[in-house]
Amino acid sequence: MASDKIIIYQVFTRLYGNRNTTRKENGTIEENGCGKLNDFTPTTLKKIRDMGVSHIWYTGLIRHATQTDYTQYGIPRNHPAIVKGRAGSPYAITDYYDIDPDLATDVNQRMQEFEALVERTHKAGMKVIIDFVPNHVARQYHSICKPEGVKDLGEDDNPQNGFDPQNNFYYCPGQRFTPYFDLYHGESEPYLEEPAKATGNDCFHNAPGMNDWYETVKLNYGVDYYTGRVGHFSPIPDTWDKMTAILLFWASKGVDGFRCDMAEMVPAAFWQWATDKVKFRYPQLIFIGEVYNPAEYRNYLAAGFDYLYDKVGMYDTVREVMRGNQSTHAITGAWQATDDIRQHMLYFLENHDEQRVASSFFAGDARRGVPGLVVSALLQQNPLMVYFGQEYGERGMDKEGFSGHDGRTTIFDYWSVDTLVRAANRRLTQEEKTLKAVYDKVLGIAATEKAVVEGVSFDLMYVNGHYHHQYAFLRKAGSELLLIVANFDDIQASVDITIPGHAFDYLKIKEKNVQTTDLMTGAKLKLTLKRDAAVTLSVPPLGAVVLKCKA
C-alpha cells in the first residue's frame, strides 16, 4: 500500500503484547506480566499495517529506572525512592545506549531482539519511531552499554559549579537532595545525592515537590538558568556532542525517526546543530517534536523538526467539540492558526499523556471520537497518530498502581490492556468490532485516497454558519473530489451543505450532476454540483459521510 501520508500507530511496548489478566494493583512483573519485543510477530505487524499504518512508535524501548531487580544480568539496581511505579517511567532513562530488559525474552540478547524487531517492522512495510528523551535522565543514570571511548553523562562534571557550560547537569552546591518524600522507601539505606542535581522540569533547587519530575535530573545544554537563561553555546557544550552521538547510535540501528520528548525544554540552537548532523548521515530520518507553545512552533521547525504535536490547537479544540463544549466552527480557527505550517502539524486524539476518548473523564463513549477521527485524519495531508487500543474504544479506567484512576493507560506499572487482550483472544464485543471497522475504513481512506494524500483542502464552514455540530470540507486532487461531513451530534443529521462559488474556482470544479460513492458505506448518491447551491445529505449520528466523485 503506497502512501505519502504518515499514519503513526503508537504502542506502549511494555503493555501491548501482555496477555496476563491478573492486573494486581502495584503488581510485580512476575505477578502481572510484561509485553515483549518478540510479541510483535510478522502476523501482528501485518495486522497493524493493514490498518493503513505507515510508522510504529515503539514507546519506552530505552532502558529506564525500574524497581525490578536485574543485577544478575549486570544491570545496576535503582533505588525505589526515586522510581515512579513498579515498572518505572520510560522517560527516566538510565542508559541511553541500552534496551529495557523488561522487553526482552532473553535479557542478555535484548539489543539483538530490538534489531530483529526493526527488521521485522521494515519487512512488514512500516517504519520505526523511537523515543529520544533529551531534556532529562533518571537520577541514577549510568550507562553500562555505551560504546568504547564514550564518556558517561556527568563523568567529567564539576559539581561545585551550579552551572558550567561544559557540565552535563545542573547542581545545587553544598546542598543534599531532600525531596518531599521518604528517601528510604523500605530500603535499609536511603537514596543519597549530594550535591543535589536540578530536577527535570526546570526545578533548580534541592527539594522537588510531589508534582515535580523528582525522579529525573535536568540536562545542561549550555543555558544558564541561574542568571536569566543566558545561552553559552561557544564552544559547543559537551552535552550537545553526547546527545547527538546517542541519536546517531540509534539511527545506525535502522530506526526511521525520533519522537523527541519535551523538545521545547531544550534550546532550538541544539536541535539545529544536531538534526543537521543526523540528517546529513541519514537524510530520510524524521524528527517529531513535543512542543506545546505555538509561539515556538516555527522556531523548532526551522531548527530541523519535521513534525510537531498540534496539541494546544487541534487536539484541544476537537476534544472540546466532541465533549459538546465548543462549536465545530472552532475547528476552522484551529487549523487556520497553523495554516502556514499545516504539513508539519501532527494530529491525534489520544497518546500516552492524554486521557482515553472513551474514559469517563473525556467523552465517556468511544463512538464520540469517530467524527473527530474523520476530521483529524482527512482534513489535511499532515500526519495522524493513533494510540494502541484507541481503535477498540479502550477506556483507560483501571487503577493500576502509581497511575491512579485517571482515564489514562498507565506508563508506570506492569499491566495488561483489556481490549488488546480480548482482541487477541477474539472476544471483542460487537460494538468494539464495529468501532474497529470504522477505524480501518477511515485510516484506509487517509492512507490511499489521492485527494487526501496529495490533495488540497477547502473548509466549507464559512458559508454553512448555522451548523454547530457538523463539520464540512472538500478535498481534491486531479479530477477526484471528496465531500466530507462529520457529525458530532448523537442524532441523525439532515444537512444542506452550501458549496460556494469560490470553492469551484479554487478547486477547479465543474458544475454538473455527479454520481458519488460514500467511502464509509459504499452507498451511491446522485448530487448536483452548482455554484453557491446546497446539497442535501443525511449524516449518521457520531459518524460521517465521505462522498467521492469525479469533478
Side-chain angles (χ1 to χ4, degrees), residues 313-337 347 349 357 362-380 384 434-435 438-439 441-442 445-446 449 451-452 455-476 481-504 507 509 514 516-521 523 525-530 532-549 551:
M314 188 57 76
Y315 168 85
D316 283 353
T317 300
V318 173
R319 175 185 168 108
E320 289 308 294
V321 173
M322 290 192 294
R323 285 161 55 89
N325 296 333
Q326 279 196 1
S327 163
T328 47
H329 287 272
I331 296 171
T332 301
W335 72 254
Q336 286 178 338
Y347 289 172
L349 297 182
V357 170
F362 188 160
D365 183 342
R367 292 173 298 180
R368 294 199 169 277
V370 170
L373 173 73
V374 169
V375 171
S376 300
L378 305 183
L379 181 60
Q380 310 276 15
L384 173 78
T434 300
L435 184 72
V438 170
Y439 267 78
K441 186 72 72 176
V442 174
I445 293 167
E449 285 296 328
V452 178
V456 292
S457 182
F458 192 97
D459 191 323
L460 296 172
M461 296 306 289
Y462 77 100
V463 288
N464 292 281
H466 54 299
Y467 292 116
H468 294 282
H469 300 289
Q470 291 77 38
Y471 186 77
F473 58 100
L474 298 168
R475 296 298 307 272
K476 187 167 185 285
L481 177 71
L482 299 181
L483 169 58
I484 301 163
V485 184
N487 181 16
F488 289 83
D489 209 341
D490 52 13
I491 58 173
Q492 186 97 0
S494 180
V495 294
D496 295 309
I497 299 296
T498 298
I499 302 179
H502 180 47
F504 283 78
L507 299 176
I509 302 170
V514 293
T516 70
T517 302
D518 185 354
L519 298 181
M520 297 296 290
T521 63
L525 180 66
K526 289 182 178 176
L527 294 180
T528 299
L529 299 180
K530 195 172 178 184
D532 300 309
V535 293
T536 300
L537 303 172
S538 181
V539 191
L542 301 176
V545 293
V546 181
L547 301 178
K548 181 180 181 180
C549 65

I need the minimum non-hydrogen distance between Pro371 and Gly543, along with the two atoms involved. CB-O, 4.2 Å
Quick one: side chains of residues 456-463, donor-acceptor pairs under 3.5 Å with protein atoms, not counting sequence neighbours, listed by atom name and distance.
from, atom 1, to, atom 2, distance (Å)
Ser457, OG, Leu379, O, 2.9
Asp459, OD1, Met461, N, 2.8
Asp459, OD2, Thr332, OG1, 2.8
Asp459, OD2, Trp335, NE1, 2.7
Asp459, OD2, Tyr471, OH, 2.5

Derivation and outcome, side chain to side chain contact (heavy atoms under 4.5 Å, CB included), residues Leu373 and Val357: CA-CA 11 Å; Leu373 173 73; Val357 170; over 6 Å; no
Decide side chain to side chain contact (heavy atoms under 4.5 Å, CB included) for Leu482 and Leu519; before the verdict, give the C-alpha distance in whole Å, the side-chain angles of both, and the deciding distance to 0.1 Å. CA-CA 9 Å; Leu482 299 181; Leu519 298 181; 4.0 Å; yes
Are any side-chain N or O atoms of Asn325 and backbone N or O atoms of Glu320, one a donor and one an acceptor, separated by less than 3.5 Å? no
Distance, nearest 0.5 Å, that separates CZ of Phe362 from CG of Leu349: 6.5 Å
With side-chain contact (heavy atoms from CB on, under 4.5 Å) as the test, pick out the partner of Asn487 among Val370, Val374, Val495, Val539. Val539
What verdict does the side chain to side chain contact (heavy atoms under 4.5 Å, CB included) test give for Asp496 and Tyr467, after you've listed the backbone C-alpha separation in whole Å, the side-chain angles of each residue and the deciding distance to 0.1 Å? CA-CA 10 Å; Asp496 295 309; Tyr467 292 116; 4.0 Å; yes
Under 3.5 Å donor-acceptor, Thr498 side chain and Asn464 backbone: no
When you compare the side chain of Thr328 with that of Gln470, does any pair of heavy atoms fall below 4.5 Å? no
Distance from Thr317 atom OG1 to Met322 atom CE, nearest 0.5 Å? 11.0 Å
Side-chain contact test, heavy atoms from C-beta onward, threshold under 4.5 Å: evaluate it for Leu529 versus Phe504 and give yes or no. yes
Student check: side-chain heavy atoms of Met520 and Val442 closer than 4.5 Å: yes
Tell me, do Val375 and Val321 make a side-chain contact under 4.5 Å, heavy atoms counted? no
Is a donor on one side and an acceptor on the other found under 3.5 Å between the side chain of Asp518 and the backbone of Val546? yes
Roughly how far, to the nearest 0.5 Å, is CG of Leu542 from CZ of Arg368? 5.0 Å
Rounded to the nearest 0.5 Å, what's the gap from CD1 on Ile497 to CG on Leu483? Could you check? 7.5 Å
So do Val545 and Leu525 actually touch side chain to side chain, heavy atoms under 4.5 Å? no
Could you please spell out the steps behind the side chain to side chain contact (heavy atoms under 4.5 Å, CB included) verdict for Leu527 and Leu537? CA-CA 9 Å; Leu527 294 180; Leu537 303 172; 4.1 Å; yes
Measuring from atom CZ of Phe473 to atom CD1 of Ile331, what distance do you get when rounded to the nearest 0.5 angstrom? 9.0 Å
If you measure only the distance, is there a donor-acceptor pair under 3.5 Å linking the side chains of Ser538 and Gln492? yes
Interatomic distance, CD1@Ile445 vs CD1@Ile484, rounded to 0.5 Å, equals 7.5 Å
Quick check: closest heavy atoms across Ala446 and Ala377, and the distance to 0.1 Å? CB-O, 3.8 Å
Measure the shortest side-chain to side-chain distance between Val318 and Tyr347 over non-hydrogen atoms and say whether it is less than 4.5 angstrom. no
What's the shortest heavy-atom distance between His329 and Gly465, and which atoms? NE2-O, 3.2 Å
